[in-house]
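Below, chains carry the letters A, B, ... as their sequence lines are ordered, and counting in each starts from 1. The shown structure was predicted, so the numbers you read here are calculated from the model rather than taken from an experiment.
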2 protein chains.
Amino acid sequence: MAATIIEVAKLAGVSPATVSRAFGKPDLLSERTRGAVLAAAERLGYTPNRAAKGLVTGKTGNIGILLPDIVNPFYPPVVKGATDRAAAADLSVFLATTELDPRRELTVAREMAKQVDGLVLCATELRDDEVAELAAQCAVVLVNGEKPQLPSVVVDTGPGMLEAVEHLAELGHSRFDYLSGPATSWSNERRMSFLRRQADRLGLRVEVRGPFSPSYDAGTVAADEVLASGASAVIAFDDQMALGVLSRLHELGIDVPGQVSVIGCDDVLPVGMARPALTTVKAPCARLGRAAVEVLLGGATEVRQQSYQGNLVIRDSTGPAVRRRPRGHAAPRPA
Amino acid sequence: MAATIIEVAKLAGVSPATVSRAFGKPDLLSERTRGAVLAAAERLGYTPNRAAKGLVTGKTGNIGILLPDIVNPFYPPVVKGATDRAAAADLSVFLATTELDPRRELTVAREMAKQVDGLVLCATELRDDEVAELAAQCAVVLVNGEKPQLPSVVVDTGPGMLEAVEHLAELGHSRFDYLSGPATSWSNERRMSFLRRQADRLGLRVEVRGPFSPSYDAGTVAADEVLASGASAVIAFDDQMALGVLSRLHELGIDVPGQVSVIGCDDVLPVGMARPALTTVKAPCARLGRAAVEVLLGGATEVRQQSYQGNLVIRDSTGPAVRRRPRGHAAPRPA
DNA sequence: AACCCGTATGCAAACCTTTTCAATGCTGCC
DNA sequence: GGCAGCATTGAAAAGGTTTGCATACGGGTT
């Protein structure tokens, strides 16, 4: 169906090699020939077959993005950043999701590795040696992850989290809860240890609850734990959880920020619409994706880590501390 | 780097053809040979090169999804549905976005068409003949669109919209505004004409405003128009717009649903968190993606349309009608 | 006038796989 | 015992492209 280089060559009265050059190395051809070839190609609707090309060049012109879950609102902006940058470099992008199953992640990654020049691994749960195996096949860059010998692009929540803790301290909170994300999450690990350090430094007490899945529903159950703990403020692993907390709190008639302050992370949803508008640590997701592809483009020769800082966006879900006593048990949850 | 079929053949002491069969048509081989080949392949870490395979079979094992904007929360679930189904069928998926530029859409689609067995075109803005050109190269299925001779999968907002209008009628609203999505949107077109028909039938008056881009920001400006029009209720093209409306109304101190009722469409965001929780017509996005891939899998022989119904989810943003008079001009908008 | 060199193009191999066709060896049957 | 037929495997072509090498031509140099 699709025209081949040979048909174009025939129509233009040249050899296939010439047609190839007209597209690949235009300056090797006389202007006249090139014009004729291009015209013929146009007429036949010809464009080079990437698979065939890849076969001889060893380059596929594709990159792959592997992420846990596209429905997690953190990722669409990352994907957007990546696809935009890839398109600009004339790369096609494969997308696959792991559905949070590490076994599946390896299978999918292996499959992809053979079809792409570069692989973007987001929040991977693969072991070091598994990633190394992939890296032997194609360029690999990690997003929100860290592996020996591999370049990575991460969001540095440090500054934003520091702001958040300081913000809470200023408001008079002496302790807060951190709602942990998935136990295997590198981001969560970093965030948690950073939070501990900073809380220590500022003389606050932090208690970690969880791990929870990064979801709205998990937030609603986490809310009960927070109430039981008696903390006057809570920082959630991501906005979805924070929104869930808000929802449950509202349901229980607990005033936010009057009785409890809530802080989210990422600022990816229109969280300004939450009740109340959510204070959150913004993450530069789109930049992450863009940067990851750029690393791939650069050949990923120098192993280095790029980090992009997030910052605190203060809205209405944080306020002055109020002394509360823990609730023995939460109100009944809806069926 | 990667092992080829030839090296495996050598190691196993057989011909390349045999190795190929060991993977593709295992039952043609004696158990002994197959075992030897598989063992050799294992040792070399060999797996077939898809590009080379595609070159000869004409099948790539890939499908492509083309959509306007991955950051539009309508699409991630669609993509999820599609990738899940594709993975189950051992297909890899290309993802590309058009960024709402029809010229770009054609280029990208052409590029993709050569690398895939099937193409999922979401809310395409391509002309009939352009899509036909693509369909000549590979199977094509439309999501939320309609073209002659092509299968499509759509969300049928009819029932949900009918519920919405009836809901408004019951609440005593005698007129409402519809905030139109992009002028080129097939979904919008359908929704609008359906709304007009039903409003007519039920004796309501509907005024269409816009077109607006399907975004939060567009919603905030649309809100002013609604106020000026004096409508007591408004149905927005999607949830993002509806959220924008809510936000602007809140900013102006207009009570929802006390003074104005607001209905969204899609139910893709955690819109329950909006202030107030948004009444919306739910769309079964994930099913859309799944069904689209299934059509592709089925060979798309019979041209037919599958539609999935949405339904109204009543929350807190709709309430009894109140007579309002149009405001001459809106309050100043924030810088 | 002979020679050299650069420019523009063609030839053919190579990339890796699948598949058609043919060859081999063996089974079972007459 | 000979032959048909099957099961198993190999040889080779094909698929579309890029690229190293060779060729042809024209112009400038000595």
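- As a whole-Å value, the separation of Asn49(A) CG from dC15(C) C1' is 13 Å.
- What separates NZ of Lys114(A) from P of dC16(C) is a distance of 14 Å, to the nearest Å.
- One finds no salt bridge joining Lys147(A) and Asp129(A) here, because no Lys/Arg side-chain nitrogen approaches an Asp/Glu carboxylate oxygen to under 4.0 Å.
- The residues Arg110(A) and Glu130(A) are annotated as not salt-bridged, no charged nitrogen and carboxylate oxygen being separated by less than 4.0 angstrom.
- In this structure, the CD1 atom of Ile6(A) is 11 Å from the P atom of dA14(D), given to the nearest Å.
- If you take CG of Leu55(A) and C1' of dA13(C), they are 13 Å apart, rounded to a whole angstrom.
- For the residue pair Arg50(B) and Gly61(B), the shortest heavy atom distance occurs at NH1-O, 3.2 Å.
- Note: CZ (Arg50(A)) to C1' (dT17(D)) measures 14 Å, nearest angstrom.
- OP1 or OP2 of dA8(C) has not a single side-chain nitrogen or oxygen of Thr33(A) nearer than 4.0 Å.
- Each of Arg34(B) and Val56(B) was assigned the nucleotide of DNA chain D with the nearest heavy atom; the assignment lying further toward the 5' end belongs to Arg34(B).
- The aromatic rings of Phe94(B) and Phe94(A) lie parallel to each other, with less than 30° between the two planes, well short of the 60° mark.
- The side chain to side chain contact (heavy atoms under 4.5 Å, CB included) with Val8(A) is formed by just one residue from the set Thr47(A), Leu38(A), Leu44(A), Val14(A); it is Leu44(A).
- Nearest-nucleotide positions on DNA chain D place Glu31(B) closer to the 5' end than the other of Glu31(B) and Lys53(B).
- Side chain of Glu7(B) to main chain of Thr4(B): a donor-acceptor pair is present (N/O by atom type, distance under 3.5 Å, no hydrogens or angles).
- As a whole-Å value, the separation of Ile5(A) CD1 from dT18(D) C1' is 8 Å.
- For Lys10(B) and dG10(D), the NZ to C1' distance is 16 Å, given to the nearest whole Å.
- To the nearest 0.5 Å, the span separating SG on Cys122(B) from CG on Asp69(B) amounts to 11.5 Å.
- The interatomic distance linking Lys59(A) (NZ) with dA14(C) (P) rounds to 22 Å, in whole Å.
- Contacts between residues 11-30 of chain B and DNA chain C, defined by a heavy-atom separation below 4.0 Å, involve Ala17(B), Ser20(B), Arg21(B), Lys25(B), listed by number.
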